[in-house]
Amino acid sequence: MADGISSFWGPVTSTTECCEKNYANSSYIAEFYNTISNIPCILLALIGLINALRQQFEKRFSVLHISNMILAIGSMFFHATLQRVQQQSDETPMVWEMLLYLYILYSPDWHYHSTMPTFLFLYGAVFAMVHSVVHFGMGFKVHFVILCLLCIPRMYKYYIHTEDASAKRLAKLYVATLFTGSLSWLFDRIFCKNISNWPINPQGHALWHVFMGFNSYFANTFLMFCRAHQRGWAPKVGYFGGVLPYVKIEKSKKTQ
């Protein structure tokens, strides 16, 4: 929320801000809660990465978890500085991550194995170069939403073909966190003027970060289950500490 303060990082140069008073808690962090709310996203992605490496899942899932971490770190830099150059480090990884989801979702049925990753890589590279020069504003949000919508039919197909109740629960948690996080984001954007006069700011954008951190984790875990089932690895859903779900597999010699 713009308030004219010029602190450690200088004047705000980003083209978008959230409903949080700048430098209210630290002269080094422009939006304190929007910055630290990315920490759970990093930790969840790290847990997913460790599980993917430990059980030797395909490299695509390790890259996916790492991309989640990169996105969260980029978001931290952006909200901490509110600088235009750091806004790029938040928005570009958002697009790259969705391109990676598209690859993981659609590649199992894609017969021309080299064309899809080549196209998606070039698409992501061109977008990054263009976006570094031209800020699309609302166009970026529309573009990102379209990429998200392209994933939904495939996610739904995986859901209806999954018989395991625990795996279906992962998909339901994915939908629930996406819905709740989106409501938090919209609430922060639409009612910012009203929220500014409240004694306590509910930090809707920070809640969006937390919910989307869990959303990505549930999505990744569900996709890991589906892929393991495709490979014949007898996947099962376990729980870290009886709470956080993860996929455990049993590879036979023939499927390794």
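In terms of heavy-atom proximity, Ile47 sits nearest to Tyr217 at CG2-OH, 4.1 Å. Here the shortest heavy-atom pairing between Trp9 and Gln83 reads O-NE2, 3.3 Å. Closest of all the heavy-atom pairs between Gly181 and Phe211 is CA-CB, 3.7 Å. Scanning both residues, Met116 and Leu102, for their nearest heavy atoms gives SD-O, 4.4 Å. Looking at every heavy atom in both residues, Phe218 comes nearest to Leu173 through CD1-CB, 3.6 Å. Closest heavy-atom contact between Met98 and Cys151: CE-SG, 3.7 Å.
The CD1 atom of Ile249 lies 12.5 Å from the NZ atom of Lys236; values are rounded to the nearest 0.5 Å. Rounded to the nearest 0.5 Å, atoms CG (Asp188) and OG (Ser184) are 9.0 Å apart. Summarising the geometry, atom OG belonging to Ser89 is positioned 10.0 Å from atom CD1 belonging to Ile73; distances are rounded to the nearest 0.5 Å. Atoms SG and CG, on Cys41 and Asn68 in that order, are 8.5 Å from each other to the nearest 0.5 Å. To the nearest 0.5 Å, the span separating CZ on Arg60 from NE2 on His65 amounts to 13.0 Å. How far CE of Met69 is from OG of Ser216: 13.0 Å, rounded to the nearest 0.5 Å.
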Next item on the list: Give the C-alpha distance, both sets of side-chain angles, the deciding distance and a yes or no for side chain to side chain contact (heavy atoms under 4.5 Å, CB included) between Ile39 and Ile36.
Entry: CA-CA 6 Å; Ile39 295 176; Ile36 65 171; 4.3 Å; yes

Next item on the list: Dump the intermediate steps for side chain to side chain contact (heavy atoms under 4.5 Å, CB included) on Ser14 and Gln86, then the final yes or no.
Entry: CA-CA 8 Å; Ser14 65; Gln86 299 300 340; over 6 Å; no

Next item on the list: Decide side chain to side chain contact (heavy atoms under 4.5 Å, CB included) for Val247 and Phe222; before the verdict, give the C-alpha distance in whole Å, the side-chain angles of both, and the deciding distance to 0.1 Å.
Entry: CA-CA 8 Å; Val247 178; Phe222 177 69; over 6 Å; no

Next item on the list: Step by step, work out the side chain to side chain contact (heavy atoms under 4.5 Å, CB included) result for Lys193 and Ser196.
Entry: CA-CA 5 Å; Lys193 291 183 179 180; Ser196 301; 5.5 Å; no

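Checked by atom type, the side-chain pair Asn51/Gln55 shows a donor-acceptor distance below 3.5 Å. Residues Tyr246 and Asn220 bring no donor and acceptor atom of their side chains to less than 3.5 Å of each other. In the model, Thr92 has a side-chain atom that pairs as donor or acceptor with a side-chain atom of Gln88 under 3.5 Å. If you check the side chains of Gln87 and Thr15, you find a donor sitting under 3.5 Å from an acceptor. In the model, Thr35 has no side-chain atom that pairs as donor or acceptor with a side-chain atom of His79 under 3.5 Å. Under 3.5 Å, the side chains of His131 and Glu91 contain a donor-acceptor pair of N or O atoms.
Residues Leu44 and Leu244 form a side-chain contact, since some pair of their non-hydrogen atoms from C-beta on lies under 4.5 Å apart. Between Tyr101 and Leu64 the shortest side-chain heavy-atom distance falls below 4.5 Å. The shortest distance between side-chain heavy atoms of Pro108 and Gln230 falls below 4.5 Å.
Using a distance-only test at 3.5 Å, with no hydrogens or angles considered, a donor-acceptor pair links the side chain of Thr118 to the main chain of Ser114. Judged purely by atom type and a 3.5 angstrom limit, Thr162 has no side-chain atom pairing as donor or acceptor with the backbone of Asp164. His143 places no side-chain N or O within donor-acceptor distance of the main-chain N or O of Gly139, the cut-off being under 3.5 Å. Checked by atom type and distance alone, the side chain of Trp96 pairs as donor or acceptor with a backbone atom of Gly124 at under 3.5 Å. Checked by atom type and distance alone, the side chain of Asn215 pairs as donor or acceptor with a backbone atom of Tyr174 at under 3.5 Å. Listed for the Tyr158 side chain is no donor-acceptor partner under 3.5 Å among the backbone atoms of Ala171. Side-chain N or O atoms of Lys248 include none that pairs as donor or acceptor with a backbone N or O of Val237 at under 3.5 Å. In this structure, the side chain of Lys168 does not engage the main chain of Glu163 through any donor-acceptor pair within 3.5 Å. A donor-acceptor contact shorter than 3.5 Å links the side chain of Arg154 to the backbone of Leu105. Counting only distance, with no hydrogens or angles, the side chain of Asn38 and the backbone of Asn34 share a donor-acceptor pair below 3.5 Å.
Within a 6.0 Å sphere centred on OH of Tyr33, other residues, nucleotides and ligands contribute 12 heavy atoms or fewer. Residue Phe57 qualifies as enclosed at atom CZ: its count of foreign heavy atoms under 6.0 Å is above 12.
Val95 is not connected to Val145 by any chain of hydrophobic side-chain contacts under 4.5 Å among Ile, Leu, Val, Met, Phe, Trp and Tyr, and they are in different clusters. The hydrophobic cluster containing Phe77 also contains Leu46, counting ILVMFWY residues as joined when their side-chain heavy atoms lie under 4.5 angstrom apart, directly or transitively. No chain of hydrophobic side-chain contacts below 4.5 Å, direct or via other Ile, Leu, Val, Met, Phe, Trp or Tyr residues, connects Ile152 to Ile104. The same ILVMFWY cluster, assembled from side-chain heavy atoms under 4.5 Å apart, contains both Val63 and Trp110. Cluster membership for Phe119 and Leu122, using ILVMFWY side-chain heavy atoms within less than 4.5 angstrom, is not shared.
Only one option out of His209, Glu31, Gln203 pairs with Ser37 in a side chain to side chain donor-acceptor pair (under 3.5 Å); it is His209.
In this pair, Trp185 and Trp208 present their aromatic rings tilted. The plane angle is within the 30 to 60° band. Relative orientation of the Trp198 and Phe187 rings is tilted, given thresholds of 30° and 60° on the angle between their planes.
Electrostatic pairing of Arg231 and Glu58 counts as a salt bridge here, judged by a charged N lying under 4.0 Å from a carboxylate O.
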